[in-house]
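Below: the structure, in structure tokens.
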Amino acid sequence: MQLVLEKRAERSTFIALASPLLAIVLTLVTISILLLALGKNPLAALYVYFIEPLTDPYTLMEIAVKASPLVMIAIGLSLCYLANVWNIGAEGQFIMGAVTGSYLAVVTNGSDVGHWLVIVMLIMGALGGALWALIPAICRVRFGANEILTSLMLVYVADLIMDYLVRGPWRDPKGMNFPTTASFDPSATVPVILDGGRLHAGVIVTLAVVVIAAVMLGRTIKGFEIRVVGAAPRAARFAGFKSDRLVIFTFLISGALAGLAGIIEVAGPVGVLQPGISPGYGFTAIIVAFLGRLNPLGILIAGLFLALTFIGGEGAQISMKIPLDLTKVFQGVLLFYVLACDSLILYRIRLIGSQPKTA
Amino acid sequence: MSDQGSASHSARAPLLQAIGITKRYGSFLANDDVSIDLFPGEIHALLGENGAGKSTLVKTMYGLIQPSAGELRWLGEKIELAGPADARARGIAMVFQHFSLFDNLTVAENVALGLDGSESFAAMSARLAQVSRDYGLPLDPKREVWRLSVGERQRIEIVRALMQNPKLLILDEPTAVLTPQEADQLFSVLERLRSEGRALLYISHKLDEVKRLCDTATILRGGRKVATCNPRAETAASMARMMVGADIGEVKATTARAVTVPRLLIRDLSMEPDDPHGTYLRNVAVEVFGGEILGIAGVAGNGQDELFAALSGERLCPHEDNVIIDGHAAGHLSVTQRRKLGAAFVPEERLGHGTAPRMKLSENALLTGHAASRMVKHGFVDRPATLKAVDATTATFDVRKAKRDPEAASLSGGNLQKFIVGREILREPGVLVVSQPTWGVDAGAAAVIRQALLDLSGRGTAVLVISQDLDELIEISDRIAVMFHGSLSEPIAAAKATREKLGLLMGGASPESAKEVSHAVGA
């Protein structure tokens with residue numbers, strides 16, 4: 001007997017929906033084995049991970065707060081990936097968005113300039129992320145440089161720029177030499193929309209982005225262009241779509257969204273610019289994008305699920321002394337299974353009787 | 001040479017027998033209980049339309065495919081072929097339709113890569129020269145492959161096969177890429193191989209060739225064997241009926257077509273290729289009038305792809321008046337702008353170029369329709385309009401599909417081609433450029449497409465057809481020009497064009513030797 005992958009005549013819609021669920025099940029099995037190896041009760045641990053956070057209004061709000069940047073970044077990334085543009089550097093664009101947006105908060109600190117300030121900060125953040133993303137886009141279009149490498153390397157550059165600023169020129173004079181800016185003024189802060197938690201107005205912006213992206217991808221000629229360039233580049237050229245322009249476009253949009261997520265995070269839940277503002281949102285968003293099938297609604301669901309693993313991971317660390325690194329293992333294993341299960345959309349597995357082989 | 005090669009089967013034992021070969025892919029039977037006997041000293045034709053199962057059968061004989069059921073017998077003894085190396089070791093050689101050659105290596109290096117490497121390179125080169133001389137297949141072992149014509153490349157494959165001294169030689173549509181004269185040379189080589197007592201299996205769908213060359217013919221249809229016959233005792237029409245399972249309708253031009261002004265002009269177009277092994281276009285110039293079909297013949301790789309890209313706007317021309325569409329200089333215009341001028345294009349490659357294979361037909365209608373067909377309003381796609389375009393194409397051109405709006409890749413070649421051609425024709429273009437309109441399409445669909453092109457030109461459109469199928473061009477064109485090494489010959493009236501004359505031009509003869517400068521358009 002042997003296992004063969006056989007091409008399907010048409011992509012299977014059922015598998016396209018079931019594949020992420022199957023990936024989640026396989027991930028849970030794998031993680032259970034790891035937990036057993038650590039000497040923990042897998043059922044108890046999985047309860048702490050996935051059920052307990054859903055039982056408390058505060059942690060529910062926290063899930064939304066965590067999911068918001070993940071979803072916003074992943075929407076931008078999905079546009080890139082659909083067009084076969086491999087932006088891996090959303091983490092850097094997130095940081096540069098936070099940095100450029102924070103500039104206004106830092107220079108106006110202490111002088112109450114009014115609530116329009118935070119709006120301008122958000123715009124600047126989006127611009128900063130977009131410009132940072134433009135670098136790998138131009139490198140690819142102009143010089144043919146591989147955007148996977150350039151966008152990834154720029155993450156570390158962005159990280160060091162922020163590090164320099166918060167340790168040097170932007171450091172809070174009253175901060176006892178900690179590498180952080182002064183706390184943002186209320187006028188430079190994204191307002192909280194519900195009492196008793198950190199749920200902020202940025203969540204509404206994220207929801208709006210999801211709706212706009214869904215309409216654009218499904219209903220407009222631009223969305224069609226993005227999908228064709230990725231799915232069949234030669235047919236796209238025949239259709240009259242220019243792939244170079246689309247590389248720039250998708251990088252700009254995804255950079256802007258990552259930058260916007262960055263400044264919302266800094267001006268919202270965090271409140272200051274400091275190292276460690278992102279627990280790897282830009283990288284986790286890659287998982288969110290694929291887990292959500294590069295589809296805006298799917299990404300919203302996937303983002304909430306990944307946020308649950310963050311919150312649950314913290315809970316498990318506190319109550320069961322499970323290392324937080326297991327959360328990262330969890331996310332990595334999940335991405336692996338998602339990509340593996342995706343092959344089932346175009347292929348089916350068949351068991352066939354072995355051929356008698358006498359060579 | 002001798003015509004009595006097939007004297008008496010009963011006296012001789014078959015070299016290779018395939019008995020009850022069945023190959024199953026999922027629920028699809030590529031071969032269904034096919035049996036065939038190949039005798040030494042005989043050229044056996046394997047006939048069938050695209051998708052009839054010819055390739056599957058020969059790949060089974062060459063060890064590339066393991067049959068789901070059935071067996072092979074070699075000199076009466078049951079064998080199992082583990083792979084092509086196994087087949088070669090027994091004396092089975094194959095020349096594929098698509099060459100497996102490295103462009104940047106020399107002839108000798110390419111041949112060495114295909115052999116087992118038991119002799120020195122110098123000895124192998126000497127033997128290569130010897131074999132190519134013996135069989136009248138001249139080759140310079142030191143030449144790089146990319147400098148060679150398609151016919152010469154095929155010679156490499158044949159010589160490589162002959163160097164293994166095969167008992168059975170399988171040839172997959174060897175004349176598809178040759179000029180008629182080159183094909184004649186090939187036939188004399190094959191006749192010589194037959195007289196040496198080798199068995200040959202000759203895959204083709206060109207019936208006149210088969211009648212002329214082959215001793216026996218096995219005809220496949222839909223994966224099953226229809227008949228084994230003596231092609232000399234059959235007529236081309238009777239074999240065609242067996243291949244298709246029905247009579248093929250003849251296409252006819254609408255009477256008295258009005259030929260009007262030139263609607264597509266190509267003026268002194270010279271362009272370098274963007275692929276280093278591509279073909280330079282050299283001073284290509286021709287006018288296509290409204291109401292006529294202009295055919296462009298030529299062996300593949302003589303600049304047809306480059307010409308298509310320059311006409312469609314996938315590559316921009318050096319000067320804006322290199323291409324003029326309905327009076328507008330279009331050389332610098334994009335694909336979309338050219339479509340807005342009323343031009344339409346059908347590329348050679350159906351999947352991946354003419355359509356996005358994994359997208360629905362309605363989205364593939366939008367692919368070329370977004371420019372000028374009112375499928376987009378304020379940036380938003382009018383989905384009902386794209387579906388309506390699919391329905392209209394389906395109804396007009398009899399596109400068979402499993403559901404209303406399936407993915408392009410799920411359609412058969414003929415149906416997808418009808419969709420792609422129909423999609424453009426329904427836009428009623430003023431200028432239509434089509435490349436290989438019926439390549440790899442079953443005879444029924446081919447007739448529908450050719451008729452549609454004739455009807456379109458009858459309504460006043462200028463139609464330019466690039467094709468390697470001379471019969472097709474002679475059937476539907478008013479005038480035919482030939483591409484050779486990136487230059488285009490003066491067009492000649494199709495009524496006066498013979499295969500011989502076109503063949504000479506395709507082989508690079510000067511236009512004077514086939515001098516038929518024609519001013520008459522239409523007939």
Side-chain angles (χ1 to χ4, degrees), chain A residues 2 4-13 15-16 82-84 144 212 214-245 249 293-294 342-343 345-359, chain B residues 24-26 28 66-68 78-83 85-86 308-309 312-315 333-340 345-347 349-360 363-364 366-371 375-383 386 402-403 406-411:
Chain A
Q2 76 191 112
V4 290
L5 279 180
E6 204 173 80
K7 207 159 181 137
R8 292 175 193 270
E10 215 175 326
R11 59 168 56 233
S12 156
T13 318
I15 301 283
L82 281 170
N84 250 336
I212 291 168
V215 171
M216 186 188 86
L217 273 178
R219 299 262 177 257
T220 69
I221 189 72
K222 194 76 194 169
F224 178 69
E225 181 179 341
I226 289 173
R227 289 184 292 128
V228 181
V229 167
R234 214 160 151 228
R237 194 158 65 145
F238 180 61
F241 300 143
K242 299 204 173 66
S243 69
D244 280 355
R245 261 194 351 219
F249 175 81
R293 309 239 54 85
L294 304 180
D342 269 8
S343 53
I345 297 172
L346 290 180
Y347 297 88
R348 74 175 94 228
I349 295 180
R350 274 169 58 90
L351 262 181
I352 56 169
S354 62
Q355 301 283 340
K357 278 225 172 119
T358 47
Chain B
R24 191 185 301 275
Y25 292 105
F28 173 71
Q66 303 296 326
S68 313
K78 186 178 174 203
I79 55 165
E80 307 248 359
L81 296 174
D86 209 6
F308 183 85
S312 71
E314 288 166 283
R315 288 192 64 212
L333 298 184
S334 69
V335 188
T336 302
Q337 288 165 317
R338 292 183 200 199
R339 288 199 179 108
K340 284 185 176 153
F345 312 97
V346 177
E349 194 69 36
R350 282 188 283 279
L351 291 170
H353 193 179
T355 62
R358 289 288 170 190
M359 288 190 151
K360 293 178 188 307
E363 294 176 302
N364 277 304
L366 182 62
L367 196 70
T368 61
H370 70 87
M375 291 179 184
V376 180
K377 285 175 191 135
H378 310 297
F380 283 83
V381 177
D382 185 352
R383 288 267 282 282
T386 63
K403 52 185 181 188
E407 282 177 11
S410 71
L411 264 63

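Residue numbering restarts at 1 for every chain, and letters A, B, ... go by the order of the sequence lines. Computed from a predicted model, the values in this text were never measured in an experiment.
- The side-chain hydrogen bond (donor to acceptor under 3.5 Å, both in side chains) pairs that include a residue from residues 223-241 of chain A are A:Arg227-B:Glu363, A:Arg234-B:His353, where partners are two or more places apart or lie in different chains.
- Ranking A:Ile221, A:Val228, A:Val215 against chain B, the residue ahead of the rest is A:Ile221, based on heavy-atom pairs under 4.5 Å.
- In this structure, A:Lys242 forms no cation-pi arrangement with A:Phe249, as its terminal cationic atom is not both closer than 6.0 Å to the ring centre and no more than 45° off the ring axis.
- In this structure, B:Glu407 pairs ionically with B:Arg358, as a charged nitrogen and a carboxylate oxygen lie closer than 4.0 Å.
- Put simply, the side chain of A:Leu217 does not reach to within 4.5 Å of the side chain of A:Phe224, judged on heavy atoms.
- Note: A:Met216 CE to A:Ile226 CD1 = 3.5 Å, rounded to the nearest 0.5 Å.
- Counting heavy atoms of neighbouring residues, nucleotides and ligands inside a 6.0 Å radius, atom NZ of A:Lys222 exceeds 12 of them.
- Comparing B:Asp382, B:Leu367, B:Val335 by how many heavy-atom pairs each has under 4.5 Å with chain A, the most go to B:Leu367.
- The most heavy-atom pairs under 4.5 Å with chain A, out of B:Met359, B:Met375, B:Glu349, come from B:Met359.
- For a residue to count as touching a neighbouring chain, one of its non-hydrogen atoms must lie under 4.5 Å from one of that chain's; by this rule B:Leu366 touches chain A with backbone and side chain alike.
- With sequence neighbours excluded, no residue forms a ring-ring contact (aromatic ring centres under 6.0 Å, His included) with B:Phe345.
- Of the two parts of B:Thr368, only the side chain, counted from C-beta on, holds a non-hydrogen atom closer than 4.5 Å to a non-hydrogen atom of chain A.
- For B:Gln337, no part lies near chain A; criterion is any non-hydrogen pair under 4.5 Å.
- In this structure, no portion of B:Arg338 lies under 4.5 Å from any heavy atom of chain A.
- Of all the listed residues (A:Gly223, A:Ala235, A:Gly240, A:Pro233), the one sharing the greatest number of non-hydrogen pairs under 4.5 Å with chain B is A:Ala235.
- Among the candidates B:Ser312, B:Gly354, B:Pro347, B:Ser334, the residue making the largest number of heavy-atom pairs closer than 4.5 Å to chain A is B:Pro347.
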